[in-house]
Amino acid sequence: MRLAPGVGLVYGDLAMSELPKAYEPTEVEKSWYQAWLDAKCFEADPASEKPAYSIVIPPPNVTGILHLGHVLNNTIQDILARRARQKGCEVLWLPGTDHAGIATQTKVERQLREEEGKTRRDIGREAFLEKVWEWKEKHGGIIIKQLKRLGCSCDWSRERFTMDQDYSRWVSQVFAELFNEGLIYRGKRMVNWCPVSLTALSDEEVIPKKQNSKLYYLKYELVDEPGKYLEVATTRPETLMGDVAVAVNPKDERYGKYVGKLVRRPFPEAEIPVLADDHVDPEFGTGALKITPAHDKADFEIGVRHELEIIDVFHPDGSVNCPEVPELDGLDRFVARKKAAAMLEENGLLIKVEEHENNVGFSERADVPIEPRISMQWFLRYPETERTAKAVATGRIQYRPTRWAKTHANWMDGIQDWCVSRQLWWGHRIPVWYRKEKVAALRDAESLTLADLEAGDLHVSEEPPSDPENWVQDDDVLDTWFSSWLWPFATMEKPGEESDLVKKFYPTTDLVTGPDIIFFWVARMIMAGFRFKDELPFRNVFFTSIIRDIQGRKMSKSLGNSPDPIDLMEKYGADGLRFGLMRTAPIGADLRFDEAQIEEGRNFANKIYNACRFRRMSGAEARVDFQASSCDHLRPYHLDILAKCDELAEKVEAAFADYRFNEVGQQLYEFLWSEFCDKFLEAVKGDLREEAEPARREATLGVFDVVMARYLQLLHPYMPHLTEELCARMGYQAKGTFLMEKTLPEAGLLDGVESAMIDDGRGRATAVYESAARLRNLKAEYRLAARKDVRFVVRHGADWLEAEADILALLSGAAEVTRAEEYQPEQGTPGAVTSAGEIFMPLDGLIDVEAEKIRLDKEIEKNTKEVAKSKGKLGNEKFIANAKPEVVALERQRLVEWEGKLGQLQKMRDNLG
RNA sequence: GGUCGAUUAGCUCAGUGGUAGAGCGCUUGCUUCACACGCAAGAUGUCACUGGUUCAAAUCCAGUAUCGACCACCA
């Protein structure tokens, strides 16, 4: 049965008291999400008068599936968005997905291989791209659906994709603009080449990994002095065919005499020079370095300095390309390594092999060692680096935690040009066309310049040439991040027109993302924002924790240690998952995921649900108009919980202001469980019975409702579905309206109530709660915890004792609590000194006098220690002089309490003889 | 090698000068008319180590150890 949104959404006409004992989130969550969508609650109105609040989602890979990192990240964004709505903002949370060049293409290629046994080249560019689009249509919606399941309040009417037509136009236009400015250029450079994906990669896509390698010591014969050798050490003997020199440090006295001489490269045989270069470390290996400019970044630079030849000995796929050495030609580079070493050994040129740990750069996607390789690529010299560095350094863009600003600064400091071209097909094709008859020359040109453009041989623009038959487009596509860096504004408007959306919502307010993509994305977005909108793209960046497994390992598919969030949601509810994760997620440190945390979230949802269920058993009509200031029957427990609720609102506000999401969660948890349920509800339980005095009953129902209604609103950003459900079901929210759209009132629940009355009530409530705990403890010590017939007798009781005696009895599980100032306890009667008075538990001889003596002695000892400690402090002149006045006052008060209690305990003890 | 971070109960984590905390787990007792996804009571800590500053340090400073991240790398 599906009713109108607002009331009885899921459980139909069942009264709350007839509901299942345990909260069942699944259906509730789905129904409310649909109700919000139907009512267009998430849609942003650029024409709104309200202050703007905006976030753009870090777009997940279009074919990706939800993992815990997404859950954490998007829950935080949803909390921010929902909280902003409650604070009266017009909220735009703009969602979308990223085409994720290599990742997606790799998946489709794998499918093609598995299903049809073909490669992308077999079917051609056009057919392949069709397949990718098909794949995107089929799998692209998954992560979006999963985000909806989580409860994300994104404006789905504005969902974007980095390969949408308008978005693509932005990418091309930006490319053309930067080319015209000379910031984008084409050149033959040493790049990180992935031999599996067959494309160049940016430095950021290379992951250094520690490897146990071998260091081969080999020797080159001196041409002039046959029989004499120069020894070198290398981890890569398979590149030997590309060696064009041996380098030594100019300061190295051992080798000075060899500089300028020739040595013999064994295969293919050649004479190569020995030269001096500062880069060489005399301490490492033999102090002599073989130079392979084609396959090592440092060697390449040495090669440039000494004008050496570049000999590429690999095919793009990493196999050896060296017909002169048929033994190695065609072998995979790792096979060739062993073979080359064996060949050296046969010739007596291998001296020794040592175990050696070194760092090898791996391709992020394909997870194989990258091959440094010379190739023709497009590069970008970053724009606006100074403004970007400054904006972060000065805090104009606020990084949280702030220490990431330093990481940002370090990267900006040593920033290298960005290789933006990829030899892939899935992505934004580089918007460069070569005139047909000149294409060969232009493609091989060492550089392309504006002169080529002016000569009409080159076309660089977001618009294809009008006479396409005369042109050939560049084969490469752009790095995925070359589109992502435009995300904050390219999602909001078409190129060349300022949209209402941008006017209202740009720059965005908060960005929530992982610190692992500061370089990939965050820093680049700032540069793009400055360059193309002349404005920073966001004001705050909140970096989330990285989620690890319980052993501290990164979550990864291959380890199988990454729980499926959908399973967790089915088991614990989306709200349970959200709350459990948020309550423990540390700010600024890694999070070790433990499913027990999520279970806690579910249990918490159940607790709230049951508190409401309990309330509903006492009548369906909600007292939403209840005013504490005009109620004559407020009891201490009412005042206490109302005050705590107001305090909660303040604490939550303060924690939100600092983005301390775990603290918000903790405060919400403690209030409901420890204060509201354990104390308040237990104290006023009797008032909810039908036979209770009507005025008391009304007051308690009223207080319950206003506190719960306010509480649910405060909790809403964390547990949106549950709170919406309960507000509807409890009648706190009028039919057809939504909690999620309700503004958070500024007024406190106790506004208008005299503060003296509040203080008096809270004092009593606190005394009752504390005393009850002390009495329960006393009962438990005498193994009477379960007995309900215990009577307590109070001496020197507080003046309000009679008024609260029934509650004290209820909370301590006693038959009654009575005042008797002249009471003389029998020898051995256990007792406790509490803020409500000296309370005895007469047991008519059941108690062992000696046992009670021991118990009291222990307590006296403890109190004596505290008194001594406190006296020591207060007797210290420097403490009095230096400590804050309130600290001293607190200490004085404490001492008085300890001393009073100690005296009373002492008297009790004396009575026992 | 450089930078940054972490080290608090068996576990996951709060706590940032002034009485060591939460949840889970553990022990004991409760089928108490909201909740066993629960209630009550309890045990468990040289706050990594060594110095220093201070009347007072888990908290501030310096150093040490261990773990981790990032950056740069010696082939």
Side-chain angles (χ1 to χ4, degrees), chain A residues 16-17 19 21-23 208 215-216 232-236 239 247 279-286 288-292 296-299 356 358-359 401 403-404 406-407 409-411 413-414 515-516 518-519 546 548 550 552 572 576 580 583-594 596-597 599-618 660 662-663 666 669-670 673-674 677-678 681-682 685 688-689 773 776-781 783-786 788 813 866 869-870 872-873 876-884 886-888 890-891 894 898:
Chain A
M16 193 118 187
S17 53
L19 292 179
K21 278 181 163 187
Y23 175 55
L215 189 58
Y216 300 84
V232 301
T234 181
T235 52
R236 302 203 59 192
T239 62
H279 170 80
V280 180
D281 175 4
E283 304 293 314
F284 187 89
T286 63
L289 171 63
K290 73 183 197 67
I291 305 297
T292 323
D296 185 280
K297 229 175 190 173
D299 288 10
H356 177 65
N358 65 344
N359 272 333
R403 63 189 162 84
W404 293 115
K406 204 162 184 178
T407 305
N410 285 344
W411 182 71
D413 218 23
D516 49 333
I518 290 182
F519 313 139
I546 289 174
R548 299 174 174 281
I550 201 90
Y572 303 111
R583 189 163 87 96
T584 44
I587 305 299
D590 291 353
L591 165 73
R592 290 190 183 211
F593 179 79
D594 186 350
Q597 294 159 355
E599 196 177 335
E600 242 174 77
R602 176 200 58 179
N603 295 353
F604 183 53
N606 188 55
K607 187 75 180 175
I608 305 167
Y609 165 86
N610 268 293
C612 289
R613 182 164 165 262
F614 183 43
R615 158 69 183 82
R616 277 293 293 250
M617 290 167 77
S618 310
R660 296 196 309 266
N662 54 347
E663 189 178 326
Q666 183 62 21
Y669 185 90
E670 264 178 31
W673 207 304
S674 312
C677 290
D678 289 352
L681 258 193
E682 291 301 326
K685 230 173 191 175
L688 294 178
R689 301 231 163 108
R776 285 194 301 263
N777 167 271
L778 196 61
K779 281 173 71 184
E781 280 191 57
R783 308 213 164 271
L784 299 169
K788 292 285 152 45
E866 294 294 348
K869 202 168 155 187
S870 196
K873 252 188 179 176
N876 184 333
E877 281 172 34
K878 287 185 177 169
F879 171 68
I880 304 293
N882 296 322
K884 287 181 200 152
E886 59 266 32
V887 171
V888 178
L890 193 71
E891 196 60 43
R894 218 178 262 159
W898 286 120

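Bear in mind that the values here come from a model prediction, so they are computed numbers and not experimental data.
- Within 3.5 Å, a donor on the side chain of A:K607 pairs with an acceptor on the base of B:C35, or the reverse.
- For A:N662 (side chain) and A:T584 (main-chain N/O), no donor-acceptor pair under 3.5 Å exists by modelled atom type.
- Side chain of A:K607 to main chain of A:C677: no donor-acceptor pair is present (N/O by atom type, distance under 3.5 Å, no hydrogens or angles).
- OP1 or OP2 of B:C39 lies within a sub-4.0 Å distance of a side-chain N or O belonging to A:W673.
- Across every strand in view, B:C74 sits unpaired, with no contact that passes the Watson-Crick or G-U test at under 3.5 angstrom.
- Between the A:N610 side chain and the A:K21 main chain, a donor and an acceptor come within less than 3.5 Å of each other.
- The base of B:A34 is paired with the side chain of A:E682 by a donor and an acceptor separated by under 3.5 Å.
- Within 4.0 Å (heavy atoms only), A:D299 reaches no atom of the nucleic acid at all.
- Counting non-hydrogen atoms under 4.0 angstrom, A:K779 reaches nothing in the nucleic acid.
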Query - Derivation and outcome, side chain to side chain contact (heavy atoms under 4.5 Å, CB included), residues A:R613 and A:Y23 - result: CA-CA 10 Å; A:R613 182 164 165 262; A:Y23 175 55; over 6 Å; no
Query raised in the report: Where do A:T292 and A:K290 land on the side chain to side chain contact (heavy atoms under 4.5 Å, CB included) test, with the steps shown first?
Result: CA-CA 7 Å; A:T292 323; A:K290 73 183 197 67; 3.3 Å; yes
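- Nearest heavy-atom pair across A:A233 and A:T286 is N-OG1, 3.9 Å.
- The residue from A:E600, A:Q597, A:R602 that alone fulfils the side chain to side chain contact (heavy atoms under 4.5 Å, CB included) condition with A:Y572 is A:R602.
- Across all strands shown, B:U31 remains unpaired; no Watson-Crick or G-U wobble contact has both distances below 3.5 Å.
- If you take atom P in B:C37 and the same atom in B:G42, they sit 24 Å apart, rounded to whole Å.
- Between A:R776 and B:A41 there is a side-chain polar atom (N or O) within less than 4.0 angstrom of OP1 or OP2.
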Produce the list of close N/O pairs, under 3.5 Å, pairing protein atoms with atoms of nucleotides 2-10 of chain B; give distances to one decimal.
from: B:C4; atom 1: OP1; to: A:K406; atom 2: NZ; distance (Å): 3.2

Report summary line: In B/S/- notation (B base, S sugar-phosphate only, - none; protein heavy atoms under 4.0 Å), nucleotides 18-28 of chain B written 5' to 3' is BB--SS-----
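- Using a 4.0 Å heavy-atom criterion, one finds that A:I291 contacts no nucleic acid atom at all.
- Across the C1' atoms, B:U12 and B:U31 are found 31 Å apart, a figure rounded to whole Å.
- When the shell of 6.0 Å around CD of A:E886 is examined, it contains more than 12 heavy atoms from other residues, nucleotides or ligands.
- Between A:W411 and A:F519, the angle of the ring planes stays under 30°, which puts this pair in the parallel group of the 30/60° scheme.
- The residue A:N358 sits close only to the backbone: its heavy atoms come under 4.0 Å of sugar-phosphate atoms, none of a base.
- Nearest nucleotide to the side chain of A:T234, out of B:A34, B:A75, B:C70: B:A75.
- Spacing between atom OH of A:Y216 and atom P of B:C74 amounts to 19 Å, rounded to whole angstrom units.
- Nucleotide B:G18: paired with B:C55 (Watson-Crick or G-U wobble, both distances less than 3.5 Å).
- Across the C1' atoms, B:C67 and B:C49 are found 15 Å apart, a figure rounded to whole Å.
- In this structure, B:U7 and B:A65 make a Watson-Crick or G-U wobble pair, each of the two defining distances being under 3.5 angstrom.
- For A:N876, the side chain to side chain contact (heavy atoms under 4.5 Å, CB included) partners two or more places apart in sequence, or in a different chain, are A:K878, A:F879.
- As judged by a 4.0 angstrom heavy-atom cut-off over every strand, A:N777 is placed among residues touching the sugar-phosphate backbone only.
- At the phosphate of B:A75, neither OP1 nor OP2 sits under 4.0 Å from any side-chain N or O atom of A:K290.
- Taking atom C1' in both B:G15 and B:G23, the straight-line distance is 15 Å, to the nearest Å.
- Residue-level contact check: A:R548 touches the backbone only, with heavy atoms under 4.0 Å from sugar-phosphate atoms and none from bases.
- Ring geometry for A:F604 versus A:Y669: interplanar angle of 30 to 60°, hence tilted.
- Nearest nucleotide to the A:D281 side chain, out of B:A75, B:A34, B:C71: B:A75.
- Nucleotides B:U64 and B:C55 are separated by 28 Å at their P atoms, to the nearest Å.
- Using a 4.0 Å heavy-atom distance criterion, A:R602 is classed as a base contact.
- B:C26 and B:G42 make up a base pair, with Watson-Crick or G-U wobble contacts both under 3.5 Å.
- Nearest to the side-chain atoms of A:A298 among the listed nucleotides B:A14, B:C74, B:C35 stands B:C74.
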